[in-house]
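Report on one structure; see the data block that follows.
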Amino acid sequence: MDTGVPAFPMSLVMAEMFRQLGFDPDQVEGFLAHFLSYTHCALPEPPVTADARLFALLPDDSVDRVSCLPDALLGNVVSRLPVKDAARTAALSRRWRGVWRSAPLVLVDSHVHPAGTAYAQRVACAVSRVLAAHPGPFRCVHLTESPLLTAWLQIVAGKGIQELTLVNRPWPLEIFLPSTFLLGMETLTRLYLGHWIFPVTADLPRATCFPNLHELGLCDVVMKTGDLDFILDRSPVLETLSLEGGRLEHCLRLVSQSLRRVQIIGCSVQEIFVVDAPCLERLIQSGGWCPEDTDGNCTRLKIGHVPMLHMLGYLELDSGHVLEVGKTIIKAGTRVSPSTMVPSVGILALEVRFGVRNDAKMVPSVLRCFLNVETLNIKSAKTDRSTGKLNLKFWHECGDIECVRSRIKLLVFHDFRGGRGELAFLKYFFETALVLKKVVILFAVGFASTEEAQSKLSSLGSVKRASETSTVLVTLPSDPQEGSIRSFKIGSQFSADDPFANY
């Protein structure tokens, strides 16, 4: 099948996938360029930079004070340098040769060659000799340029890689990583893969294990459910799992005694089932979708045993997404019980189309499942046509919502457009929330000035507030990439107290 996009070669399977998604051949190239840009946002940056440079001592300062430092400190210095500069330290003195050979090196292919030049080829050959001479271990290997990827990975494999980032760029798509790739990776602490088909783990020895793996990130990786189960089952200290834009066959099952952070963004998966994750603290998921060939054509999130879960979102309240707590599917009007409550959650994020009546009616039922929420993020999703507006009377008639009345202290309302349904929800909050301290309203893209935004909120001025100490902060749209939960670093690390409230 001719896609008409020679810059991004695709197989028949990939071309058919884009056809199902409604893309014309002429649109695919632009989409893929945008698609690849998210890889840079998602995957972690190398731990060293090529901007720094090594310099010899000045002529009037002939004392070599650095070489007097203990070997452990010198090795730490060398391991923080780009691989070219680390190798150059061996020319300083005989002592530095031993330091270089014993220091864990960092290999970042973009640091050692400007692509497409004869000089680059000479540098690449020199680096290959350096890597072959170094016995390991390697602190970090970060490879994103396919001409060098295979050769360098073969050289360093088995030499004790601690952190590995491996991106198949430029494409073609649908390139399999061989099963042997996962062998000899016992030293890995962090593994990030981009644009691959995951290895078939059924071909691996049953004794295969990843005893030191703490972080696993997969960006646009196609894999089978059983292969991810294989990795999770054999990673006893894995704390962070980040999935972005990939495709899983059928179901993502989370069974882990060590996982603390899980991030699932824009993945094609029919079901996310948190079966047993007693240490899980963060579950961030957004933008999930189901292939057209699945029954029901919706993504189901099932919450099982998660006694430590503190942060959850985005829960997308629409017909394409289903929330199941315990063995109960949460719908509008669902009666809550102890089996449908998740009392540990303190930060919750919902995505709601306030212009769609059936979607908005889900909000009270969902909030009753999370009775101890103190920070609520609401993202107002855009809809092409309204199917019924909910006024303030509806929200009052839905009855008491415990977390709204006596728990929520911070409400962050994202993508506010000034619609009637949005304003009714905010009025209900002001009139009901007894302990509310702060409301942050972030306007959607399209508002040109603060005055225009304030005019949309003028009707809130007459609302009698249940909490007289609450304050309101209004902000205009900012860069959607800034602070985005698409970033593995922001979404999965504890550096941000609440990655949803990026105002």
Side-chain angles (χ1 to χ4, degrees), residues 22 266 285-290 296-301 313-323 329-334 348-370 373 376-399 401 403-404 408 411-433 439-449 452-463 472 474-478 480 485 500-501 503:
Q285 64 97 28
S286 179
W289 58 281
C290 261
N297 194 29
C298 64
T299 297
R300 181 187 299 259
L301 172 63
Y314 278 103
L315 299 182
E316 299 175 55
L317 308 187
D318 58 45
S319 58
H321 296 82
V322 175
L323 171 64
I329 296 176
I330 308 302
K331 301 179 180 179
T334 297
L348 180 67
L350 307 179
E351 183 170 338
V352 187
R353 295 185 298 179
F354 285 95
V356 179
R357 186 176 183 85
N358 288 338
D359 291 0
K361 288 171 66 176
M362 283 280 295
V363 174
S365 297
V366 171
L367 288 179
R368 289 190 177 100
C369 295
F370 304 95
V373 168
L376 177 63
N377 290 272
I378 293 284
K379 183 177 181 181
S380 181
K382 191 175 182 180
T383 181
D384 294 333
R385 64 185 184 89
S386 176
T387 61
K389 298 176 181 178
L390 300 181
N391 57 23
L392 180 59
K393 181 180 177 182
F394 161 80
W395 294 106
H396 282 299
E397 289 179 345
C398 69
I401 302 176
C403 66
V404 175
I408 295 177
L411 171 65
V412 184
F413 199 108
H414 303 256
D415 292 347
F416 182 80
R417 297 176 179 84
R420 179 181 175 185
E422 297 172 332
L423 287 168
F425 179 78
L426 285 172
K427 290 177 181 178
Y428 165 76
F429 239 87
F430 282 127
E431 293 181 359
T432 309
V439 175
V440 181
I441 301 174
L442 295 93
F443 276 79
V445 174
F447 287 88
S449 66
E452 181 185 3
Q454 292 284 5
S455 68
K456 291 288 185 179
L457 297 170
S458 58
S459 63
L460 295 179
S462 60
V463 174
V472 179
V474 179
T475 67
L476 291 174
S478 59
I485 60 171
F500 301 108
Y503 57 89

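On a predicted model such as this, the values are computed, not experimentally measured, just so you know.
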With distance as the sole criterion, is a donor-acceptor pair present between the side chains of His321 and Glu351 under 3.5 Å?
no

Between atom CZ of Phe416 and atom OG of Ser380, what is the distance when rounded to the nearest 0.5 Å?
8.0 Å

To check you understand the geometry: which heavy-atom pair defines the closest contact between Ala360 and Val352, and what is its length?
CA-CG1, 4.0 Å

Quick check against the 3.5 Å criterion: does Glu316 have a side-chain atom that pairs as donor or acceptor with the backbone of Leu350?
no

CG (Asp318) and CZ (Arg353) are apart, to the nearest 0.5 Å, by 5.0 Å

If you round to the nearest 0.5 Å, how far is CE of Met362 from CG of Leu367?
10.5 Å

As an exercise, state the distance from CZ of Phe370 to CG of Leu348, rounded to the nearest 0.5 Å.
5.5 Å

As an exercise, state the distance from CZ of Phe354 to CD1 of Ile378, rounded to the nearest 0.5 Å.
5.0 Å

Side-chain heavy atoms of Phe429 within contact of Val439, under 4.5 Å:
no

Can you find a pair of side-chain heavy atoms, one from Glu431 and one from Leu392, that are under 4.5 Å apart?
yes

Tell me the closest heavy-atom pair linking Tyr314 and Lys379, and the distance in Å.
CE2-CB, 3.6 Å

Backbone of Lys331 reached by a side-chain donor or acceptor of Ser365 within 3.5 Å
yes

Would you check if Leu411 and Phe430 make a side-chain contact, meaning some heavy-atom pair closer than 4.5 Å?
no

Between Asn391 and Phe394 (side chain of the first, backbone of the second, donor and acceptor by atom type, cut-off under 3.5 Å), is there such a pair?
yes

Would a distance-only check, ignoring hydrogens and angles, find a side-chain to backbone donor-acceptor pair under 3.5 Å from Arg368 to Thr334?
no

What heavy-atom pair brings Arg417 and Lys382 nearest, and what distance separates the two atoms?
NH2-CB, 3.5 Å

Is any side-chain heavy atom of His396 closer than 4.5 Å to a side-chain heavy atom of Thr432?
yes

Mind checking whether Leu426 and Ile441 have side chains closer than 4.5 Å, heavy atoms only?
yes

A side-chain contact here means heavy atoms from C-beta on lying under 4.5 Å apart; do Val404 and Trp395 qualify?
no

Please work out whether the ring planes of Tyr428 and Phe425 are parallel, tilted or perpendicular, with thresholds of 30° and 60°.
tilted

